[in-house]
2 protein chains.
Amino acid sequence: MERLSEEQITKELDNLSNWKRLDEKWIARKYRFRNYLDGVRFVDKIAEYAENKQHHPFISIDYKVVTLKISSWQAKGLTDLDFEMVKHFDELYENGGRK
Amino acid sequence: MERLSEEQITKELDNLSNWKRLDEKWIARKYRFRNYLDGVRFVDKIAEYAENKQHHPFISIDYKVVTLKISSWQAKGLTDLDFEMVKHFDELYENGGRK
């Protein structure tokens, strides 16, 4: 999968206000939960989806805050797959994951 | 719970060769798994145990490597509870978690 251009990345991020560019290669978002185990269950869903896609974001759990970071190392940057997955992460959060 | 002395911490770490001191307050260990979802299941067990203890390590999942970092923020350092939990994390890994 091809790396997106700066212009394409900026356009994608315009519609993803919760996602922040960390550097050239990575975008990240923090998700907050009311309960610790709700965050852990969200991570389970993220991981199952990531394994199906064979594309695994970096995940961290800091009490009730789950952070996801994503990049396509093969492409040395961000690809369509990253943005497709990011949108699905947000959907999982909005549709019940958040609690 | 009281913060342990430097001497006590050194003694505890002598028996925990996989755990590394990060700084005054934190110790950390990386656990490696054969499969991504084995690592995720390990995180589920860690989280359930942490919630029971109401003491939550920082967890990260970087593909097949799970990193745990622990400290007792109330005590501003490391306590007996941290080392009790660390030993249980290692047991969970050794007894099947590792796969």
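Proteins get letters first, then strands, A, B, ... in listed order; numbering begins at 1 in each. Given the structure is predicted, the values throughout are model-derived calculations rather than measurements. Hydrogens, waters and symmetry mates are skipped; everything else that's a heavy atom, side chains included, is used.
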Inset, instruction - Consider only side-chain heavy atoms of I, L, V, M, F, W and Y, link residues closer than 4.5 Å, and tell whether A:V65 and A:L68 are in one cluster. - result: no

Legend entry - Greatest number of heavy atom pairs closer than 4.5 Å to chain B - which of A:F58, A:Y36, A:Y63: A:Y36

Inset, instruction - Tell me, yes or no, whether the heavy-atom count around A:Q54 atom CD, taken from other residues, nucleotides or ligands under 6.0 Å, exceeds 12. - result: yes

Legend entry - Nearest atoms (heavy-atom pairs only) where A:L37 meets B:A47: CD2-O, 4.0 Å

Inset, instruction - Report yes or no: do B:W26 and A:I61 belong to one cluster of Ile/Leu/Val/Met/Phe/Trp/Tyr joined by side chain heavy-atom distances under 4.5 Å? - result: no

Inset, instruction - Decide if atom CD of B:Q74 counts as having more than 12 heavy atoms of other residues, nucleotides or ligands within a radius under 6.0 Å. - result: yes

Legend entry - Pairwise distance CG(B:N35) to CD(A:E51) - rounded to 0.5 angstrom: 7.5 Å

